[in-house]
2 protein chains.
Amino acid sequence: MRSADLDRVRSLPLFSVMSDELFKTVTSGAFLQKFPAGTTLLTEGDAVDFLYVLLDGGVELGATWNDKETTLAVLRPVSTFILAAVVLEADALMSAQTIERSDILMLSGEALRRAMKEDTALACAVAQELSGCYRGLVRAIKNQKLRGGLERLANYLITQKVRQGGGETFTLPHEKRLLASVLGMTPENLSRAFAAIADYGVVINGPQVTIARPAVLERLAKPDPLIDNHTLPTTAPIGKAQRERWPTAQTRSPS
Amino acid sequence: MRSADLDRVRSLPLFSVMSDELFKTVTSGAFLQKFPAGTTLLTEGDAVDFLYVLLDGGVELGATWNDKETTLAVLRPVSTFILAAVVLEADALMSAQTIERSDILMLSGEALRRAMKEDTALACAVAQELSGCYRGLVRAIKNQKLRGGLERLANYLITQKVRQGGGETFTLPHEKRLLASVLGMTPENLSRAFAAIADYGVVINGPQVTIARPAVLERLAKPDPLIDNHTLPTTAPIGKAQRERWPTAQTRSPS
DNA sequence: CTTGTTGATTGATGTTTATCAAGAGGCCAA
DNA sequence: TTGGCCTCTTGATAAACATCAATCAACAAG
């Protein structure tokens with residue numbers, strides 16, 4: 001494994017607190033793998049043997065029931081995933097699939113669990129990471145249960161705008177098909193929602209989105225810090241271990 | 001505080017791993033309070049200074065946006081809540097309100113955070129608890145995004161039946177008004193759903209529910225271990241630290 | 001007993017969302 | 001270039017869900 005990749009892992013809050021030797025122990029049995037787009041890394045119900053770390057590319061976490069499918073999160077580097085299942089040694093509740101060619105580091109779950117028992121700082125870091133993930137899910141449920149489709153889209157656009165620097169125009173990071181699944185609607189309905197949101201000063205041009213009248217859009221979206229996590233274009237790797245961290249909200253590739 | 005209450009706290013997975021002295025330290029600054037029904041313990045956005053432990057009664061965790069309200073979970077004894085906010089020293093994302101007269105133990109969040117740093121076993125227990133909570137939320141989102149209202153009700157009824165011993169008839173644990181909020185629908189719609197589910201062999205009589213033809217109801221509900229957590233009428237306090245623990249799924253009053 | 005309150009139910013109606021179907025445009029490989 | 005495939009879009013229709021209004025039963029307070 002390239003040392004640059006190791007450094008990126010090391011800079012994650014989870015691993016930055018570990019001693020060098022423990023880090024070596026945990027990563028010794030690890031391997032880095034490259035996957036093409038569309039690869040299923042994990043299917044819901046599978047036993048989970050590894051903690052995954054997305055170093056490059058993109059991963060969708062999804063779930064299925066009764067021939068319906070939905071997306072729970074889209075991950076960008078650098079993110080860990082299925083930490084909760086690793087901690088509990090439980091089966092996965094979500095499936096994971098690459099959406100682009102991706103570099104993924106796989107760490108032995110067993111080794112991580114052992115390391116937690118020996119290193120309080122690591123165990124605390126895991127607890128903090130899980131807390132951040134938990135709060136991200138609380139936000140997601142509130143978003144889903146309290147808002148309608150158009151409102152979810154409006155808030156999504158505002159969040160994207162902030163995360164991409166706050167400029168008037170930005171680019172949708174995924175296919176609209178996938179976005180629809182994230183937002184909990186059908187692709188057809190997302191199309192109509194995009195058409196409807198034009199009335200609020202949003203201009204769509206393929207993947208390019210321009211928010212012409214932010215004030216008008218905000219009056220529709222009513223963004224709320226208790227639901228939307230706008231705070232993530234921070235440049236520093238980690239301000240404090242305080243900040244809420246949820247997969248989809250992870251620090252962008254730091255370099 | 002009564003020693004019986006302390007014992008109940010001690011038997012929680014979170015606290016059973018602590019040494020006696022550490023447990024004393026953490027609980028020394030704690031106080032037990034009795035609240036009448038309908039008391040707001042915490043409003044979303046509030047700073048969180050305490051870890052709460054519900055010893056008796058019931059608590060609703062809810063959230064609000066734009067004059068709409070929804071229930072994220074209903075807790076029964078013995079349950080802890082807002083652990084994630086305590087770990088991150090963050091503001092609450094949910095409100096907490098008693099739904100009955102309740103006994104609630106409040107532990108200093110500060111003390112708990114300090115204890116985590118000193119006791120690996122505690123930090124690991126917190127990580128496991130949070131993992132369980134996280135997975136509970138994953139289940140909740142899947143339930144919400146993948147199923148329709150009638151399906152959610154059907155699965156709720158099956159879950160209640162199992163948790164109450166599996167008999168043909170059982171009692172709804174809350175007002176229907178609250179149940180509707182948990183299931184993500186209006187009270188009116190829940191009423192209609194109850195009427196509709198009669199076709200599947202479910203007889204409603206006030207709060208009494210009889211599932212006359214379980215097989216028929218299951219064909220509608222299609223319960224799935226990756227969404228529904230049926231496994232909780234266990235008598236033992238804790239089988240292993242393995243079992244998934246989510247507030248609403250907490251061990252019932254042990255005595 | 002009467003009154004007021006609250007939760008539950010039912011009906012009528014409108015909105016939101018899903019489904020089915022069709023077509024436009026881009027992209028890749030033969 | 002052509003044909004096939006995919007995404008996105010649009011329209012027509014149906015199902016699901018919310019809202020508004022009214023009624024009823026249960027219950028507590030006067």
Side-chain angles (χ1 to χ4, degrees), chain A residues 36-38 60 65-71 74 97 99-101 143-156 171-200 202-209 220, chain B residues 36-38 58 60 65-71 74 97 99-100 143-157 171-200 202-209 220-221:
Chain A
E60 175 202 4
W65 179 77
N66 195 32
D67 297 323
K68 275 199 253 257
E69 217 182 316
T70 193
T71 301
V74 176
Q97 197 177 37
I99 57 177
E100 309 167 6
R101 184 173 206 291
N143 192 42
Q144 189 67 35
K145 285 181 81 175
L146 291 169
R147 310 216 258 226
L150 193 62
E151 293 159 339
R152 288 198 296 272
L153 174 59
N155 281 290
Y156 176 86
T171 307
L172 293 175
H174 341 284
E175 290 181 320
K176 290 186 179 145
R177 175 177 195 71
L178 179 56
L179 176 56
S181 182
V182 170
L183 294 177
M185 40 180 150
T186 59
E188 293 96 322
N189 259 332
L190 177 60
S191 245
R192 286 185 256 269
F194 268 124
I197 216 170
D199 295 345
Y200 298 87
V202 176
V203 181
I204 309 293
N205 198 312
Q208 299 289 323
V209 179
L220 166 67
Chain B
E60 175 202 3
W65 178 78
N66 196 31
D67 298 322
K68 275 198 253 254
E69 217 183 315
T70 194
T71 300
V74 177
Q97 199 178 38
I99 56 177
E100 310 167 6
N143 192 42
Q144 190 66 34
K145 286 182 79 176
L146 290 169
R147 307 215 260 225
L150 193 62
E151 292 159 340
R152 288 197 295 274
L153 174 59
N155 281 291
Y156 175 87
L157 294 179
T171 308
L172 293 175
H174 342 284
E175 292 181 314
K176 291 189 179 140
R177 173 179 197 70
L178 179 56
L179 176 56
S181 182
V182 170
L183 294 178
M185 41 179 144
T186 59
E188 294 97 323
N189 258 332
L190 177 60
S191 248
R192 284 184 257 269
F194 269 123
I197 217 170
D199 295 344
Y200 298 87
V202 177
V203 182
I204 309 294
N205 198 312
Q208 299 288 325
V209 178
L220 167 66

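Each chain gets a letter, A, B and so on, in the order the sequences are listed, and its residues count up from 1.
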Engineer: Between P on D:dA18 and CG on A:L146, what's the gap in Å once rounded to a whole number?
Structural biologist: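 That distance rounds to 12 Å.
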Engineer: Please give me every residue in residues 181-190 of chain A whose heavy atoms get under 4.0 Å of an atom in DNA chain C, ordered by residue number.
Structural biologist: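 Close to the strand are A:G184, A:M185, A:T186, A:E188, A:N189.
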Engineer: First contact, last contact: which nucleotides of DNA chain C are these for chain A, 5' to 3', heavy-atom distance under 4.0 Å?
Structural biologist: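 First and last nucleotides in contact are C:dT17 to C:dC20.
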Engineer: If I take atom CD1 from residue A:I197 and atom CZ from residue A:R192, how far apart are they, to the nearest 0.5 angstrom?
Structural biologist: 15.5 Å
Engineer: I'd like to know if the side chain of B:Q208 reaches the main chain of B:N205, judged simply by a donor and an acceptor atom lying under 3.5 Å from each other, with no hydrogens or angles considered.
Structural biologist: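 No.
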Engineer: How about B:T71 and B:L178: do any of their side-chain heavy atoms sit closer than 4.5 Å?
Structural biologist: yes
Engineer: Calculate, to the nearest 0.5 Å, the distance between atoms CZ and NZ belonging to B:F194 and B:K176 respectively.
Structural biologist: 5.5 Å
Engineer: What distance do A:M185 atom CE and A:L190 atom CG have between them, rounded to the nearest 0.5 Å?
Structural biologist: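 Output value for this atom pair is 5.0 Å.
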Engineer: Nearest 0.5 Å please: distance from the CG atom of B:L153 over to the CG atom of B:L220.
Structural biologist: 8.5 Å
Engineer: Students often get this wrong, so: under 4.0 angstrom with heavy atoms, is A:G149 touching a base, only sugar-phosphate, or nothing?
Structural biologist: sugar-phosphate
Engineer: Measuring only between side-chain heavy atoms, which start at C-beta, is A:L172 closer than 4.5 Å to A:Y156?
Structural biologist: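 Touching, per the 4.5 Å side-chain cut-off.
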Engineer: Round to a whole Å and report the spacing from CZ of B:R192 to P of D:dA18.
Structural biologist: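 Spelled out: CZ on B:R192 to P on D:dA18 is 10 Å.
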Engineer: Just N and O in the side chain of A:K176: are any of them under 4.0 Å from OP1 or OP2 of D:dT9?
Structural biologist: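 Checking A:K176 against D:dT9: at least one side-chain N or O falls below 4.0 Å of OP1 or OP2.
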Engineer: Considering only heavy atoms from C-beta outward, does the side chain of B:Q144 approach that of B:R152 to under 4.5 Å?
Structural biologist: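 Answer yes - side chains close enough.
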Engineer: Any donor-acceptor pair, under 3.5 Å, between the side chain of A:R177 and the base of D:dT9, if you only look at N and O atoms?
Structural biologist: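 Absent.
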